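Here is the structure we will look at, set down as structure tokens.
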Amino acid sequence: MRTHLCGLVDEALIGQTVTLCGWADVARDLGGLCFIDLRDHEGIVQVVAEPEAGVDGNAAVIAAAAAVGYEDCLRVTGQVRRRESPNAKIPTGQVEVVARRIEVLNKAEPLPFHAHENAGEDVRLKYRYLDLRTPQMQRRMRVRTRLVRALRRWLDDAGFQDIETPVLTKATPEGARDFLVPARMHPGEFYALPQSPQLFKQILMMAGFDRYYQIARCFRDEALRADRQLEFTQLDMEFAWVSERDVQDATEAMVRAVFREVVDVELGEFPRISYAEALRRYGSDKPDLRIPLELVDVDAQVRGSEFKVFTDWAGVEGGRVCALRIPGGAMLSRKQIDEYAAHAAKYGAKGLAWAKLAEDGEVSSPIAKFFAEDAFAALLAHVGAGGGDLVFFGAGKYATVSDFMGAVRLRAGREFGLVADGWAPLWVTDFPMFEWDDEAGRYVALHHPFTAPAVDDEAELRGNARTAVSRGYDMVLNGNEIGGGSIRIHRSSMQSAVFELLGIGAEEAQAKFGFLLDALKYGAPPHGGIAFGIDRIAALMAGTDSIRDVIAFPKTTTAQCLMTGAPSPIPEAQLAEVHVQVLKKQ
């Protein structure tokens, strides 16, 4: 139907006749002279219908052009010529197409929103086909396409095998709820959609496949937000006969190469910091190193005060008192400081103490009265505060304080313009093996239950479970975890010990993971791997905060597809076929 793409018409085609297909991005009727900006996925070119063209039947062409409406689907045949008034803002701005024939292939009804309008996300998702048609969304989705193509090329060249794993599988606890699928041929039994291909890729290593990868669809039934979806895509990788550094070095090289190819970016150095150091300095296990602000522990400096909020936690096991200095922060009003406190409360803070230092050094703080004058001055000096600065203080459980002070750090970095341009990658290593769940009264795996501990002795792991370190690692970029993995457990006895510490008894372990435990007994090699979030990396490359902008048909935060109306009720007859009955709410 066409000879060329709209966005690729250039000066080399001047004098030639072309046939183009696309949408009317803009149509202007100037009374006998009509202009149409014709758009396809490659871009826009100007089409003109004019009486001076000297072509038989030209009045019909002008009439057809005058009747064109926004987003009408057109086929245009005409001659390329140089524009009298070039448009340097678009690649085709040096030329235009003088129409000899205009066909309306499909007339568009009035649209619910126009591309130039700032339509709400609910409207964009309901009419997703119109949203995806916009140049911005076309660009974002093409970034994603180039990303996946570059990854496949690198992995194929590096000797990885692309192997598919099942989508209908066994329900296994991996940290989130499974999506369950009733098995029609097995009444009362269910498949589960995979939260990840974790167990299958480990089995592949035991089966002798040295290097595996898969662009895998994964499913987790959990609460949604801007960077989380019920169904998502990850690059899944596994290596046999490797240490942590082997995996990290290989995947770091891959990420460097892909960023260079897709967005022409050199990522620079990948520093390595431990999980403990990341929390201590930045309050997060995925720190944004573009922000120069760091947390400072002040336990020793506040113990002699009379401020009970501090003294209750200073020096206590599992407690923390720390400070965050914000250069120039003294300009904030009391109302603005209270807004920071409200922000911290979202992350568990029960309050946010503060101190402001005027340019002349005068201190204003509601907690200064609880300190001797020289002690409070020493506290501020320890934090490095000077004239014009603001200092926030947090106290409480170590994890909670790290969480809310880390959130305050990020907000301050953005609002005070402290986020440096560019890219700041790093590795976070030496994660804790377990976390203690007070409600459940047992340990839970910080990564997943197949992550190997740093110790190689089951008795030592059992005796030091609370402080055990895993062989897990995450790749972080600009404050986003883009990849996470670990060296896996490759001995059946160690896997059983970990299950035991997680409260999974021998009978339950056999029922849920018997196939894995059996495979570990037959010469399973040391192995490890990592998974990268395709959606998150594509969003970063495309310059958007939400992964919904790089997923063709995402769900809302209420787990709905507004375009199709999913989820939706199922007729009782269809439910009966899969042996399911829906109980009405009481």
Side-chain angles (χ1 to χ4, degrees), residues 1-10 18 20-26 37-46 71 73-74 87-93 113-119 121 124-125 127-157 162 213-217 226-227 229 231-235 254-267 422-423 477-478 480 482-483 532-555 561 563:
M1 291 186 70
R2 63 189 178 191
T3 61
H4 297 79
L5 297 172
C6 297
L8 301 182
V9 177
D10 59 18
V18 298
L20 310 173
C21 293
W23 291 271
D25 194 74
V26 175
D37 287 349
L38 192 65
R39 186 192 75 246
D40 63 13
H41 69 283
E42 283 289 354
I44 290 175
V45 67
Q46 178 170 282
E71 291 299 292
C73 192
L74 307 179
N87 181 357
K89 295 181 179 179
I90 57 175
T92 63
F113 69 94
H114 288 190
H116 65 273
E117 294 177 344
N118 187 21
E121 189 176 47
R124 291 174 53 210
L125 292 179
Y127 300 97
R128 188 61 164 178
Y129 38 86
L130 297 179
D131 186 41
L132 288 171
R133 197 187 291 173
T134 63
Q136 182 183 46
M137 289 301 296
Q138 288 280 317
R139 180 186 66 80
R140 289 169 175 168
M141 295 305 297
R142 291 179 76 151
V143 167
R144 183 187 179 112
T145 298
R146 293 199 303 272
L147 166 63
V148 173
R149 183 171 62 230
L151 287 169
R152 287 193 183 279
R153 183 182 299 115
W154 191 94
L155 290 160
D156 291 342
D157 290 345
D162 182 2
Y213 87 93
Q214 182 183 184
I215 307 293
R217 294 291 283 167
D227 60 348
Q229 284 281 297
E231 48 189 325
F232 56 95
T233 306
Q234 68 183 36
L235 166 61
M254 176 188 72
V255 171
R256 287 180 191 279
V258 167
F259 267 79
R260 187 181 304 118
E261 178 178 341
V262 178
V263 288
D264 194 24
V265 163
E266 292 292 341
L267 286 179
W423 303 86
L477 182 61
N478 290 4
N480 298 274
I482 62 170
F532 288 92
I534 296 290
D535 310 307
R536 170 48 52 199
I537 297 174
L540 286 168
M541 287 180 164
T544 178
D545 292 330
S546 173
I547 63 172
R548 289 196 288 271
D549 288 337
V550 291
I551 297 173
F553 303 105
K555 305 291 189 294
C561 174
M563 186 184 73

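What you are looking at is a predicted structure, and each value in this text was computed from that prediction instead of being measured. Throughout, residue positions are numbered sequentially from 1 according to the sequence presented.
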Is the shortest side-chain heavy-atom distance between [X] and [Y] below 4.5 Å?
X	Y	result
Val143	Arg140	no
Arg153	Arg149	yes
Phe232	Arg536	no
Met254	Leu151	yes
Met541	Val550	no

Do you know the tightest heavy-atom contact between [X] and [Y]?
X	Y	result
Trp23	Glu71	CD1-O, 3.4 Å
Ile551	Met141	N-SD, 4.1 Å
Ile215	Arg152	CG1-NH2, 3.3 Å
Pro135	Arg39	CG-CD, 3.8 Å
Tyr129	Met563	CD2-SD, 3.8 Å
Arg2	Cys21	CB-SG, 3.9 Å

Discussion item. With a 4.0 Å cut-off on N to O distance, would you call Arg144 and Asp535 a salt bridge?
Written reply: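 Looking at Arg144 and Asp535, the cut-off is met.
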
Worksheet item: Between Lys555 and Glu231, is there a salt bridge with N-O shorter than 4.0 Å?
Response: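 Salt bridge present between Glu231 and Lys555.
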
Practice prompt. Can you sort out the partners of Phe259 under ring-ring contact (aromatic ring centres under 6.0 Å, His included), two or more places apart, ordered by chain and number?
Written response: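 Trp423.
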
Output the distance between atom [atom1] ([X]) and atom [atom2] ([Y]), rounded to the nearest 0.5 Å.
X	Y	atom1	atom2	answer
Asp131	Asp549	CG	CG	8.0 Å
Asn118	Arg124	CG	CZ	8.5 Å
Gln234	Ile537	CD	CD1	10.5 Å
Asp37	Ile90	CG	CD1	6.5 Å
His4	Leu20	NE2	CG	8.5 Å
Asn478	Leu540	CG	CG	6.5 Å

Main-chain N/O of [Y] paired with [X] side-chain donor or acceptor, under 3.5 Å:
X	Y	value
Arg256	Leu267	no
Arg142	His41	yes
Asp40	Cys6	yes
Thr134	Leu130	no
Gln138	Leu132	yes

Fill in: Residue pair Leu147, Ile534: steps toward the side-chain contact (heavy atoms from CB on, under 4.5 Å) verdict
CA-CA 8 Å; Leu147 166 63; Ile534 296 290; 4.2 Å; yes

Item to complete: Any chance you could lay out the side-chain contact (heavy atoms from CB on, under 4.5 Å) test for Glu261 and Trp154, step after step, and finish with the verdict?
Response: CA-CA 11 Å; Glu261 178 178 341; Trp154 191 94; over 6 Å; no

Item to complete: Evaluate side-chain contact (heavy atoms from CB on, under 4.5 Å) for Ile44 paired with Lys89, printing each intermediate quantity in order.
Response: CA-CA 11 Å; Ile44 290 175; Lys89 295 181 179 179; over 6 Å; no

Discussion item. For Leu125 and Glu121: C-alpha separation, side-chain torsions, deciding distance, then whether side-chain contact (heavy atoms from CB on, under 4.5 Å) applies.
Written reply: CA-CA 6 Å; Leu125 292 179; Glu121 189 176 47; 3.9 Å; yes

Item to complete: Give a yes or no on this: more than 12 heavy atoms of other residues, nucleotides or ligands lie within 6.0 Å of atom CG of Asp157.
Response: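 Count over threshold, so yes.
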
